Protein chains: 2
Amino acid sequence: MSAAMSRGFGRSAGAPTLEDVARAAGVSRATVSRVVNGVRNVDPVIQDAVRRAVAATGYAPNRAARSLVTRRAETIALVVSGADDDSPSASTAFAGRTVTDPFFGRVVTGVVQFLRPRSMHPVLMFAESPADRDHVVSYLRQGSADGALVVSNHADDPLPAQLAAAGLPAVVFARPALPVPLSCVDLDHREGARLAAEHLLALGRARPVTITGPTALPAVQERLGGFRDTMARHGVTAVPVAEGGFSQESGEAAMARLLARHPDLDAVFAANDVMAQGACHVLRDRGRRIPEDVAVIGFDDGPVAASCRPALTTVRQPVEDMAAEMARLLQGHIEHPDRPATTVVFAPRLVLRESA
Amino acid sequence: MSAAMSRGFGRSAGAPTLEDVARAAGVSRATVSRVVNGVRNVDPVIQDAVRRAVAATGYAPNRAARSLVTRRAETIALVVSGADDDSPSASTAFAGRTVTDPFFGRVVTGVVQFLRPRSMHPVLMFAESPADRDHVVSYLRQGSADGALVVSNHADDPLPAQLAAAGLPAVVFARPALPVPLSCVDLDHREGARLAAEHLLALGRARPVTITGPTALPAVQERLGGFRDTMARHGVTAVPVAEGGFSQESGEAAMARLLARHPDLDAVFAANDVMAQGACHVLRDRGRRIPEDVAVIGFDDGPVAASCRPALTTVRQPVEDMAAEMARLLQGHIEHPDRPATTVVFAPRLVLRESA
DNA sequence: CTGAAAGCGCTAACAA
DNA sequence: TTGTTAGCGCTTTCAG
């Protein structure tokens, strides 16, 4: 018996390997591998012996070694792709806005909901500069992740196109401004706006205004279009608009402008809950009662909607479901590389609370 | 020239390997490896040739292969470890609460702040059941990640102990209820509570009450202790207490109870901002003006603190800095396995806004 | 049904 | 300074 063997399982330090388990069970590496990976055609008796040996040695398969041969990382990247940030503090500020955004938390929730049962976990990445985007691409090309889930908060984010060009599996949240040959999940924004408009109309409001998000976003355009069209169809031809940036401050500013120009407004449709909340603050400060004097409807139904006062009536976007669907689509593309890109559109729902 | 070689770089499909680059540059694999990894002692001229070949072939180093030999995943796990969930919907509900919690977003922000410059990315994991925790441990033992950053929201989370027992590098956010030989970052909770108490005292409030978090948490105990001690030192001997669960609803309920028993209260110190917000709602509904009739102070200084009305005066916890420090500590433990565990305590700061 | 053997792509001694 | 070589631990034909 060699010195090495007399040391026990052949290694004094380091984790036990297949080799160690094989020796302990008195079989070959191949057999242990088959048992560990649940491949059929293994004698139950041997199977048992192997399992015992695995437990005895405390064996854990080495992921790198496995990936090297299977060519699968069993990991996917969840990329938050923001606008290019030109500010000097870019490196420290980065996606703080986004990460703190409850919307992001809901996306994570949905993605994890799908991944967890499959024992997979997302790698979080932020891309806000050309260098970041290249990094994401090379991360995937290195095989560190099998595919990417992209959530952009910028209208013409170049990342989806880069990913598509590199032939990497990816799925996008919300249809990009420029069409890209990638699968994506989206909401029927027009329908959401219609829901809001009809509710306001049913409430008898005839002087509505709307606070939009950055108009470069297709989603923003559709919400605006859907709202106006529905109002027009019911005889309300002019709907004053103020553009916001999805932040509470921008919502406050937009509301203030709208109030100055249209003091007689009786309803507000904001492109997201956070801006709606900002609008509520301004409205209250100006002495308007909500919903008596002014009805307010938000969009998203994020955590703030229920926790602010008055609680927000809003158009719910099933973000968790959408995110889970993204993960499902991505898995499909990873397993079937030539599956064509598809778009899955979700239906919004009006959630009635106190503000309208 | 062989058929294989005439096909170009030797492979009709698959990503280019070191071998391909070496051939294109007319050098050995080892040299290419040195250039790619920035190792010195390589002739500048050759270095250039290699770089050119890398660009020409579109080479990207295979992470699995590298990890296999370096024994480093260059990845760390960010684990959100919740209480065991017994509800039937556990698998779908999981850490939704936590992920949507802005606190979590701040942790991610801080961790990424440290990791990003190092081109590393965190893998998100949730652990809420014994099975989940075992999974986290085996994930690390497989070498999928080099270490773990643990954020528990449960007093006696067994995960830190499991990690320590397995000898895996890990750092914990907030000192665990049971001492564990792991590094951790924490806040000086007593000091934070002292800050709040002194401010209330300076405001002339003499009938304060406090809404705590789950009292099993050491942090909660210290905030309570610090608040009471400071009050006592200034002659306020009895401070009514109501226990909450960190949620807005629990804050509302606690406030209602307190109000019923002590209608003459003139100040509230809540263990977090969310409960403080809930308290404000109840106070307002009962006709109390804030801060004129009742001064309210929260804890954390999360996103809600600034966005609710009245904006919350609160004790700021530098979560981002703490999270970044966690990552830094973890890196130290990964690179120097026998470095002893340490605890880094951060100082809180009082942020004055409108509520007190 | 099981074992032997050939790599996956890369790094790191060790030679030259 | 550069090349040669030996694996890292695993999966997977291919024989038996």
Side-chain angles (χ1 to χ4, degrees), chain A residues 4 9-51 53-54 57-74 138 141-144 146, chain B residues 4 9-51 53-54 57-74 138 141-144 146:
Chain A
F9 292 123
R11 347 181 77 244
S12 55
T17 71
L18 261 195
E19 185 72 46
D20 299 320
V21 180
R23 202 175 309 138
V27 298
S28 72
R29 285 207 306 272
T31 300
V32 178
S33 175
R34 291 186 186 107
V35 174
V36 170
N37 294 307
V39 178
R40 292 187 306 270
N41 300 340
V42 178
D43 187 308
V45 180
I46 292 192
Q47 232 174 90
D48 224 61
V50 171
R51 259 185 257 289
V54 166
T57 54
Y59 172 74
N62 179 305
R63 189 93 94 104
R66 178 179 290 180
S67 285
L68 185 54
V69 34
T70 61
R71 295 163 169 297
R72 276 288 169 71
E74 302 293 350
S138 66
R141 297 211 330 136
Q142 290 182 358
S144 300
D146 302 321
Chain B
F9 291 123
R11 347 181 77 244
S12 56
T17 72
L18 260 196
E19 185 73 47
D20 299 320
V21 180
R23 202 176 308 138
V27 298
S28 72
R29 285 208 305 274
T31 299
V32 178
S33 175
R34 290 186 187 106
V35 174
V36 170
N37 293 307
V39 177
R40 290 188 307 271
N41 301 338
V42 178
D43 187 307
V45 179
I46 293 193
Q47 232 175 91
D48 224 62
V50 171
R51 258 185 257 289
V54 167
T57 54
Y59 173 73
N62 179 305
R63 190 91 94 105
R66 178 179 290 178
S67 285
L68 184 55
V69 36
T70 61
R71 293 160 169 298
R72 278 288 168 71
E74 301 293 352
S138 67
R141 297 212 329 134
Q142 291 181 0
S144 301
D146 302 320

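Numbers restart at 1 for each chain; the letters A, B, ... are given by sequence-line order, proteins then strands. Keep in mind the model is a prediction, meaning the values are calculated, not measured.
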What is the distance, to the nearest angstrom, from the CD atom on A/Glu19 to the P atom on C/dA5? 13 Å

Enter the distance from A/Glu74:CD to A/Asp146:CG here, rounded to the nearest 0.5 Å. 6.0 Å

Under 4.0 Å: is that the gap between some side-chain N or O of B/Asn62 and OP1 or OP2 of C/dC10? no

C/dG9 phosphate, OP1 or OP2, under 4.0 Å from B/Thr17 side-chain N/O: no

Closest non-hydrogen atom pair, B/Leu18 against B/Arg29: CD1-O, 3.9 Å

Atom-pair distance (CG on A/Asp20; P on D/dG9), nearest Å: 9 Å

Working to the nearest 0.5 angstrom, can you tell me the gap between A/Arg51 CZ and A/Tyr59 OH? 13.5 Å

Taking atom OG of B/Ser28 and atom CZ of B/Arg23, what is their separation to the nearest 0.5 Å? 13.0 Å

Could you tell me which non-hydrogen atom of A/Ala53 sits nearest to which non-hydrogen atom of A/Ala24, and how far apart they are? CB-CB, 4.0 Å

Taking all atoms of both residues into account, what is the closest heavy-atom pair of A/Gly58 and A/Pro16, and its distance? O-CG, 3.6 Å

Looking only at side-chain N and O atoms, does A/Arg71 offer a donor or acceptor that is under 3.5 Å from a partner on B/Asn62? no

What pair of heavy atoms forms the shortest contact from A/Arg141 to B/Ala60, and how long is it? NH2-CB, 3.7 Å

Taking atom OG of B/Ser33 and atom CZ of B/Arg66, what is their separation to the nearest 0.5 Å? 7.5 Å

Any chance you could list the contact pattern along nucleotides 11-16 of chain D? Use B for base contacts, S for sugar-phosphate-only contacts and - for none, protein heavy atoms under 4.0 Å, 5' to 3'. BBB---

Please find the pair of heavy atoms, one from B/Ser144 and one from A/Arg63, that lie closest to each other, and give the distance. OG-NE, 2.8 Å

C/dG9 OP1/OP2 closer than 4.0 Å to side-chain N/O of A/Arg71: yes

Test your reading of the model: is there a side-chain donor-acceptor pair from A/Asn37 to the backbone of A/Val39, 3.5 Å cut-off? no

Hey, can you pull the residues of residues 42-51 of chain A with a non-hydrogen atom under 4.0 angstrom from DNA chain D? none

note: B/Leu68, atom CG; C/dA12, atom P; distance rounded to Å ~ 12 Å

Measure the angle between the two terminal helix axes of the helix from C/dC1-D/dG16 to C/dA16-D/dT1, five base pairs each, and quote it to 10°. 30°

Rounded off to whole Å, could you give me the CZ-to-P distance for the A/Arg141 and C/dG9 pair? 14 Å

Without decimals, in angstroms, what is the distance between A/Arg23 CZ and D/dC10 P? 12 Å

